[in-house]
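As structure tokens, the structure follows; a few thoughts come after it.
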2 protein chains.
Amino acid sequence: MKSDIEICRDTTLTPIETIAQQAGLLAEDLTPQGTLKAKVKPAVLKRLADRQEGKLIVVTAITPTPLGEGKTVTTIGLAQGLAKINRSVIACIRQPSMGPVFGVKGGAAGGGYSQVAPMEKLNLHLTGDIHAVTAAHNLAAAALDARLYHEQRHGYEAFSEKTGLKALRIDINRIVWKRVMDHNDRALRMITVGKNEPGKDINGIEREDGFEISAASELMAILALSHDLADMRQRIGRVVLAYDLDGNPVTAEDLQVAGAMAVTMCEAIEPTLMQTLEGVPTLIHAGPFANIAHGNSSIIADRIALKLADFTVTEGGFGSDMGFEKACNIKAQQAGRGPDCAVVVATLRGLKANSGLYDLRPGQALPDAIFEPDSKALDAGFANLKWHINNAARYGVPVVVAINRFPQDTEQELTTLKRMIEGEQFATPVEVAISEAFGKGGEGAVELADAVVRACQQPANFKPLYNLSQTLEEKLMTVAEVGYGGRGVELSELAKQQLAQFKAQGHDNLAVCMAKTPLSISHDPAQKGAPRDFIVPIRELKLCAGAGFVYALCGNVMTMPGLPEKPAYLALDLDEDGNIIGLS
Amino acid sequence: MKSDIEICRDTTLTPIETIAQQAGLLAEDLTPQGTLKAKVKPAVLKRLADRQEGKLIVVTAITPTPLGEGKTVTTIGLAQGLAKINRSVIACIRQPSMGPVFGVKGGAAGGGYSQVAPMEKLNLHLTGDIHAVTAAHNLAAAALDARLYHEQRHGYEAFSEKTGLKALRIDINRIVWKRVMDHNDRALRMITVGKNEPGKDINGIEREDGFEISAASELMAILALSHDLADMRQRIGRVVLAYDLDGNPVTAEDLQVAGAMAVTMCEAIEPTLMQTLEGVPTLIHAGPFANIAHGNSSIIADRIALKLADFTVTEGGFGSDMGFEKACNIKAQQAGRGPDCAVVVATLRGLKANSGLYDLRPGQALPDAIFEPDSKALDAGFANLKWHINNAARYGVPVVVAINRFPQDTEQELTTLKRMIEGEQFATPVEVAISEAFGKGGEGAVELADAVVRACQQPANFKPLYNLSQTLEEKLMTVAEVGYGGRGVELSELAKQQLAQFKAQGHDNLAVCMAKTPLSISHDPAQKGAPRDFIVPIRELKLCAGAGFVYALCGNVMTMPGLPEKPAYLALDLDEDGNIIGLS
């Protein structure tokens with residue numbers, strides 16, 4: 001089979017204006033970026049205000065394994081499958097970060113015959129939204145360090161007198177706004193900034209700092225959760241950058257940098273329209289990771305898609321304990337609308353890998369046995385799938401299990417898995433379908449599409465796990481106990497102090513965004529299958545007053561990945577004709 | 001008078017496809033980015049290979065002052081003036097860095113009725129080229145630190161065995177590739193990276209590092225100097241990132257990251273077509289600063305413009321000792337083609353400020369006297385203008401002095417200045433014209449345009465100051481003595497060692513790029529007018545093997561600016577309709 005980029009390059013794509021027209025967009029709704037991408041103006045929502053919304057399908061998955069379950073492939077494939085059976089459909093996915101593109105994971109455009117195209121545009125820069133988030137974020141960081149420096153150099157009173165600005169009296173030990181970069185760069189995790197030659201002070205004030213990947217920026221979450229430009233501007237103003245010497249928050253508004261940050265991001269608020277290899281319109285917008293952020297594409301993109309199409313297919317990052325949980329508890333609560341159907345992607349190999357019976361280590365070759373029939377491993381791994389189906393059903397929506405078929409999979413083992421699912425009882429209706437979207441595109445996802453249409457005819461009774469009026473501690477416990485099936489949370493001393501402080505400052509009504517490993521339903525990547533009896537440690541909390549949640553670091557979650565020994569960038573190059581090669 | 005952004009917003013712009021058509025570009029040459037910007041494919045040069053080239057006009061200026069001489073205004077105004085007298089013309093300017101936009105200087109789109117439009121697009125992100133340079137640069141930095149870490153963690157042999165890659169044995173004390181950011185962020189000038197919690201090593205290896213502004217990246221220079229994509233790819237491969245334990249260079253090619261860097265920059269190689277307020281086609285490409293880099297827009301943009309129009313108007317940053325020197329000695333030598341005419345922009349107030357008779361301090365109000373007639377100050381400041389005319393003439397090209405008129409300027413003093421110029425003898429023909437491009441647009445630059453047309457009819461006999469076959473030391477001395485009129489250079493011990501090393505490694509044939517203050521013709525900002533008898537200290541050299549020059553740090557030139565006490569970002573915001581306000 002051809003490589004992803006070869007398949008993509010060999011496909012004749014439709015001009016984006018035609019795709020837009022077919023989706024019901026007018027020329028005035030668009031700002032084309034070349035012939036195959038177009039920014040969509042959120043103002044289209046005013047024009048479409050009276051339209052009824054279509055169905056929202058969120059694609060999630062079993063606990064991810066190093067093998068890749070093909071969730072994006074299934075998302076794109078399902079959209080193509082729905083188009084094949086003549087349903088109007090739009091896919092909504094996140095913009096890939098360049099960090100993983102150059103690092104371990106590679107691109108995030110789907111794969112095979114279910115890709116967003118052109119995949120090299122999607123995977124690199126796209127229309128610059130992540131760069132805009134990075135620039136706005138780092139502007140605030142530079143502004144903060146500059147203000148700290150000028151205020152301390154002049155003295156607070158003299159500073160105010162000279163500039164006419166109020167001294168913010170920033171507490172150098174309580175700066176909570178780091179810098180960001182869209183790369184995997186472990187050397188930037190812990191840094192000292194503001195260093196000077198001996199006896200000088202021109203480079204600012206020395207302090208400990210660090211970079212996170214741009215996907216972890218609160219501004220990325222704000223982009224994904226804002227309802228419109230004015231809402232984004234207000235949210236940016238609420239972002240807490242530091243605390244002053246009295247312990248009061250210093251916001252972006254206080255620093256008078258919120259306007260410039262919003263200006264920097266004002267084009268980023270427009271989703272980008274692209275197409276799948278089969279010409280299904282696809283909106284790309286925002287790129288928060290699901291482990292270290294909330295892991296879903298934007299509310300604006302969903303709202304536009306829901307107005308234009310009968311079916312909107314989107315995905316939450318990683319397993320249903322991660323992106324889907326956040327889709328329901330963070331995104332849906334802010335959007336005021338939950339999903340109508342959940343699709344849980346599973347693979348035979350992925351379930352076996354989740355059995356805990358194989359010794360899988362990052363960077364090592366996979367055991368051949370995992371690709372062959374193994375009923376013991378399948379039985380053990382099934383616990384994981386069952387957990388994820390139950391988890392999706394917990395939110396009150398019908399569930400479709402999409403078994404993403406790989407060439408080596410046997411008919412017999414697939415049938416076994418289907419029967420295992422059909423033999424269980426769940427709280428909401430559950431269907432099973434085999435998907436061959438990777439090798440066959442939409443044609444390979446017709447069975448899945450039919451199942452999704454049927455599921456969407458079922459009454460959905462979406463309910464999030466918690467109400468925002470509960471306390472932050474209650475919400476954390478609810479996610480750990482009801483959401484993960486654990487025995488509660490264990491707050492570090494720091495986390496306890498932070499909870500008390502957030503409460504005192506009126507932030508108890510925010511949602512919680514769990515930053516935990518995606519490799520287990522628990523906080524511990526070694527616990528496979530459907531772990532129980534674990535207690536989720538909450539190491540530290542971060543207030544995201546602009547995004548509207550408190551971000552909880554469970555265990556050692558890295559907010560800045562690193563490059564591996566043999567990174568994906570080694571293969572990337574330009575061929576003699578200037579085409580990109582080595583991207584997958 | 002209305003503000004720049006108001007004038008820009010109140011002007012009806014022409015669709016970019018129409019601008020392109022009028023310039024002789026076909027639809028196939030373009031990738032439109034919205035209706036007012038389009039990327040131009042360098043492949044157009046093949047189609048136009050047989051066309052004769054037009055005239056190349058480089059706009060330069062007297063030594064810059066805090067008042068602003070209006071060089072970009074004059075560049076854009078001249079282009080509009082040439083169009084007014086029915087000449088075919090294209091302007092080529094650099095993409096503004098966002099650092100100054102948020103910092104002190106503000107935007108760089110020109111001003112008044114001589115602007116590139118829409119100015120807010122030009123000043124913010126544009127088509128993302130600077131972000132692409134930043135991303136490619138920091139990818140190499142992340143790759144380098146990751147490789148250092150993995151090689152040291154495993155040991156060289158074990159690393160090679162595990163990965164099949166050759167151990168590069170990077171000398172941690174000789175890493176010469178810093179990181180970059182497109183912000184004014186003094187706190188990032190000197191940093192420590194790779195710090196770890198006690199007893200851990202997961203964040204890489206601790207070392208001293210720093211960020212420069214993206215305009216100072218060698219990749220920005222490469223973008224501006226490359227002839228085509230293949231040339232850019234090769235140059236990126238030659239970039240020296242570090243030295244190994246034997247003192248041999250470690251290049252981007254050695255690290256196998258050059259391909260991915262070129263992939264990251266492959267859209268950036270296409271200039272962006274915009275228009276002036278009067279619809280003159282303008283190519284925007286690359287943004288190296290002229291103090292800390294080579295300060296000129298790209299060879300590719302010039303070549304496209306020269307093929308399409310009879311007149312190409314471009315500018316070199318700061319005074320003629322800075323951007324124009326580099327236009328002649330770096331850019332022209334690499335392009336194989338020098339300018340046909342130099343325009344030296346001067347103002348009455350700027351000459352008076354250059355007299356040294358006023359006490360001008362950054363951040364302080366300007367004395368009123370500078371805006372009133374003052375023959376003593378004008379006489380003293382004239383020495384600076386005369387120097388710059390002579391300097392431009394030294395390169396063998398006819399010179400036009402553009403006196404950029406301000407509302408308070410008196411007719412009498414303008415006439416005096418004109419007569420002073422006309423009373424001097426220069427090595428090449430010199431004309432003088434008054435420009436009122438700021439207030440009157442192209443109409444105000446007709447006199448200037450006429451003078452430029454006449455100057456371009458004179459035979460130009462362009463010659464750079466040095467040949468590349470001279471030694472690096474000879475080239476440094478030539479620029480200091482012949483280029484600046486000083487008495488030579490004083491090399492630090494470090495610079496001497498570096499020169500010897502570059503020579504030994506076969507780099508003696510590169511050009512030299514002086515990083516010095518723009519505020520004096522000498523290295524010392526306090527020396528006003530036309531200083532003599534100074535010796536230029538060369539503190540440190542940097543090899544830019546990909547760009548094709550050695551970068552010489554003269555005195556304390558900052559490669560990362562800082563934000564001032566009252567930065568420009570304070571004024572930036574979105575109004576109720578989502579329009580950008582406060583940008584100038």
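Here is the naming used below: chain letters follow the sequence lines, and residue numbers restart at 1 for every chain.
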(message) If I take atom CG from residue B:Leu563 and atom CZ from residue A:Arg147, how far apart are they, to the nearest 0.5 angstrom?
(response) 11.5 Å
(message) Apply side chain to side chain contact (heavy atoms under 4.5 Å, CB included) to residues A:Met190 and B:Glu206 and explain how you reach the verdict.
(response) CA-CA 9 Å; A:Met190 281 180 66; B:Glu206 187 170 321; over 6 Å; no
(request) Any chance you could measure A:Asp185, atom CG, to B:Asn203, atom CG, to the nearest 0.5 Å? (result) 10.5 Å
(request) Please state whether the side chain, the backbone, both or neither of B:Leu148 comes within less than 4.5 Å of a heavy atom of chain A. (result) neither
(message) Keeping B:Arg189 on the side-chain end and A:Ile202 on the backbone end, is there a donor-acceptor pair under 3.5 Å?
(response) yes
(message) Is B:Glu576 close to chain A through its backbone or its side chain, or both, or neither, when contacts mean heavy atoms under 4.5 Å?
(response) neither
(request) Flag the pair A:Lys566 / B:Leu165 as yes when at least one side-chain heavy-atom distance between them is below 4.5 Å, and no otherwise. (result) yes
(message) Could you measure the distance from the OG1 atom of B:Thr134 to the CG atom of A:Asn138? Nearest 0.5 Å is fine.
(response) 10.5 Å
(request) Taking only Lys NZ, Arg NE, NH1 and NH2, and the carboxylate oxygens of Asp or Glu, determine whether A:Glu565 and B:Arg153 approach each other closer than 4.0 Å. (result) yes
(request) Enter the distance from A:Lys37:NZ to B:Gln33:CD here, rounded to the nearest 0.5 Å. (result) 6.0 Å
(request) For the residue pair A:Thr264 and B:Phe102, establish whether any side-chain heavy-atom pair is separated by less than 4.5 Å. (result) yes
(request) Check whether B:Ala132 gets within reach of chain A through its side chain, its backbone, both or neither, counting any heavy atom under 4.5 Å. (result) both
(message) Quick one: does any side-chain atom of B:His131 pair with a main-chain N or O of A:Ala135 as donor and acceptor, under 3.5 Å?
(response) no
(message) Side chains of B:Arg233 and A:Asp573, heavy atoms from C-beta outward: is any pair under 4.5 Å?
(response) yes
(message) Would you compute the distance between atom CG of B:Leu574 and atom SG of A:Cys266 and round it to the nearest 0.5 angstrom?
(response) 5.5 Å
(message) Would you compute the distance between atom CD of B:Glu208 and atom OG1 of A:Thr192 and round it to the nearest 0.5 angstrom?
(response) 8.0 Å
(request) Could you tell me whether the side chain of A:Met98 reaches within less than 4.5 Å of the side chain of B:Leu139, counting heavy atoms only? (result) no
(request) Answer with side chain, backbone, both or neither: which region of B:Asp145 has an atom nearer than 4.5 Å to a non-hydrogen atom of chain A? (result) side chain
(message) Can you tell me which portion of B:Asn184 sits under 4.5 Å from chain A's heavy atoms? Options are side chain, backbone, both or neither.
(response) backbone
